[in-house]
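Heads up: the structure comes next, in structure tokens.
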Amino acid sequence: MARRKSKNTTPTNPSAELVPVESRTSGGWLLVHGLPLVTPGIGAVVFAVLIVLAHAKWGGDPVWTPLLAILFLAIGGLVTVFGWVSAGPRVLLRTLMVVTGSLATGALVLGLIVGMGAIWPAYTLCSLVVWVLWIIWRGTKYAGATPTPEGAGSPLMEAIKQAKVQFANTTVDERGVVRTQVETLPGGTLEGARALTPLISAAGRAVPGGTHLAADLDEDGRGVLEIATRDNLKHGVAWPGVAGLGSLPTEPFAIGEYQTGPCLVQIVGDVSKDRRAPDIKHLKIGGVTGSGKSTGARIFLASQMAKRRLNIIGIDLSKGLQTFGPFVHGMTWVITDESEARRFLQRLKHVIKGRTNHLTAERLMRWSPKSSLNLLEIWVEESKEFRQFASVYADVVADARSAGIFFVSSTQRWNYRTASTDVRANHGAAIMFGVEEYEDAEQILPNDALAALGKNLQYWGSNRPGYCYVTGLGIPVNRWSAMARIYDPTDEQLLAAVEVGTPYRDGMDEVTARLFGELFANRTRYPQAIWGSGNAHNGHSTAAAAAPTIPTQPTPSDAHSAPHGQVAPPAAPRRPSTPAITDDEQEMTDMADNEIAAERAEMHQTLAEGRRRYLGEDARPTDLADVDPEDAISGVIVDPNADTGEEGDDAVEEAQASRPTPEEAQRMWDEALDGWYREGRAMVSTADLSELLETVKRDRRFLYRQRDRWLEAGCIAERPDAGGWDLVASPMEGATR
């Protein structure tokens, strides 16, 4: 079968010049590679001397000549057969062994019988032919023309021969990276070639983790092997700063470098230009403490400070502003309070639904720059803190992609105690920093990356901060097993990234801001960086700068009305107030509960007496099913034994007239909750709702019914401390949600 023409699959790097790998011509090289080229000639001369001596000693003897001729024929035949078998499938070497053995045996027998003087012309010609054949074989061996590389006694060469692969077109660039094309032979696979990478790395004294086999994405059985002979990332990689000022979220940006060049990532493809462009894949980041996760987060976020049509929301309940501090004033929203984070996630479910409906109205199946919505990025640092409301987290992560929302979740370990299997599966991209066990890597990296790495997978732990594997994010699959290192920025660079991106960053789009409602309007705003060397010279902590005094982002109503690159005039923010239950209020609540219990007991006694008086002793409890117990509390059902005149009838009618109808009572409660929401309250307590019962003249069951209705509508959410409910939304804004 005709051999297919090999394609050049060597990856190119504009900054590195590729040159062929040349052999060294030292004394050792001449001894190993030059001596075999002259050995056939030396052997021919020595063999001729032996023929002359044999003829002089035994030639012409009637007994010894035939016996030695037979013996030489047998020995020559056996040596020739042994050489033919030893050559194996190497056709050229097998032919060379047969020709050399046959000519040597024939020359020895003839020279013994007739002498060297009679055969020297033929002997000389045959010796030259054999010599030329040996030179051709040696040359084709090192030129790579033989089907299988040789290397008798070399374990690596034997392993390569067993794997049935071959290497060709070897080059090296100025970064010290050796590249060679890999092609499988009949019966071989690239998986077998990947198994050789640890052996090749050790034999070549390569950088640990610096050997990488990239398979050809278009043709199976071909690939490129890269071997980093020196560590270009050992001393860290300086960040070149923000690139692509004013670019869209669909444009790639660099977060670090491979041994071969920059590591470019892309959040989402531009489907308006390419229908096959990749969609959003949520990103999970993992690694032990000290492995470089925080530095990776800063580089990723700082690189987006100058992008348009992108809003970044950061959540960190563990470290506060330790990670977000240098560019907190450039982010759209930063959440460090647990109560606010809970209300944010509850509200996000409605935001996802509203954004999805808006994209549907724009005839878009997924987010693209054509939409009036901005891409929303939610960065959750130390996601282990979300375990207490993991079900809500899993729901929003599963549905966020269709609404143009990109989740980034970072934590040390992605085991079952931190995130469920569904949450891990919904994060299609990953950055794995140093881990300590294979199980940790297995829960972060996708199966394709683990299979490509094989035994070459590096763990690092905290010994090599910044080293990582990056998958997804627009990176080709054949690069997922390549080791990278995150850029190492200075504090001044992070602060400068926010400043240089100010003219380009957009505020929250009107639709999303309206969907978040008062929760977004009352967010904490930061006028400057909270941490960084820019404030270190003051000699004291700058945490006090977090006081929300001056907004740096436009308010929702002014987000699109202000000119491009300008910030709307600052407005005094309304700080949320969380009502605290005092001991007196708790005592009053208990007294109210006791009074209600007493009234309920009195009600049952009145109903029992009425049943005995009007229905007789044979009455069943079902006979009173149409009686509303609330009427007994409000005074509609009165003691039947009491003498009621005109004044009593007037009292009953007045009580009925002053008591709101069920529809009016529900509206009054919704208006009260709406007022608290507009004030910026974070929670609603049981005492607050108990006070409303006096207004609407209802019992405790009315409170429970309204609570269940608000929970179902998503206006309130249960708190883990059971001290009340988180106030998430207003029941009066249903039309906008």
Side-chain angles (χ1 to χ4, degrees), residues 28-162 164 166 185-187:
W29 185 93
L30 292 175
L31 179 64
V32 175
H33 301 286
L35 184 60
L37 298 179
V38 298
T39 299
I42 297 174
V45 175
V46 173
F47 198 66
V49 174
L50 294 177
I51 292 176
V52 172
L53 295 177
H55 178 71
K57 181 69 176 176
W58 298 290
D61 188 278
V63 177
W64 286 104
T65 298
L67 291 177
L68 290 176
I70 295 173
L71 180 62
F72 289 159
L73 284 173
I75 294 175
L78 292 175
V79 171
T80 302
V81 173
F82 177 78
W84 181 81
V85 173
S86 300
R90 293 163 287 190
V91 179
L92 183 58
L93 181 60
R94 179 180 293 182
T95 303
L96 181 60
M97 287 293 183
V98 172
V99 172
T100 302
S102 301
L103 291 178
T105 302
L108 181 59
V109 172
L110 289 176
L112 174 66
I113 297 174
V114 299
M116 193 66 186
I119 65 171
W120 74 266
Y123 180 83
T124 302
L125 180 61
C126 291
S127 298
L128 292 175
V129 171
V130 172
W131 195 354
V132 170
L133 290 177
W134 274 96
I135 292 175
I136 293 175
W137 177 77
R138 297 292 299 185
T140 54
K141 173 185 174 181
Y142 291 105
T146 54
T148 304
E150 295 302 313
S154 172
L156 177 60
M157 291 302 177
E158 290 298 326
I160 293 175
K161 181 175 68 175
Q162 293 296 327
K164 297 182 180 180
Q166 67 179 9
L185 297 173

Kindly compute the distance separating CG (Leu108) from CZ (Phe47), expressed to the nearest 0.5 Å. 4.5 Å

Quick check: do Thr80 and Met97 have side-chain heavy atoms less than 4.5 Å from each other? no

CE on Met116 to CG on Leu53, rounded to 0.5 Å: 11.5 Å

Straight-line distance of Ile51 CD1 to Ile113 CD1, nearest 0.5 Å: 11.5 Å

Checking Tyr123 side chain against Ala44 main chain: does a donor-acceptor pair fall under 3.5 Å? yes

Which value, rounded to the nearest 0.5 Å, describes the distance between Thr65 atom OG1 and Ile70 atom CD1? 11.0 Å

Taking atom CG of Leu125 and atom CD1 of Ile119, what is their separation to the nearest 0.5 Å? 12.5 Å

Got a sec, which residues hit side-chain contact (heavy atoms from CB on, under 4.5 Å) with Leu103, two or more places apart in sequence or on another chain? Val99, Cys126, Val130

Here the pair of heavy atoms bringing Thr105 nearest to Phe72 is CG2-O, 3.7 Å

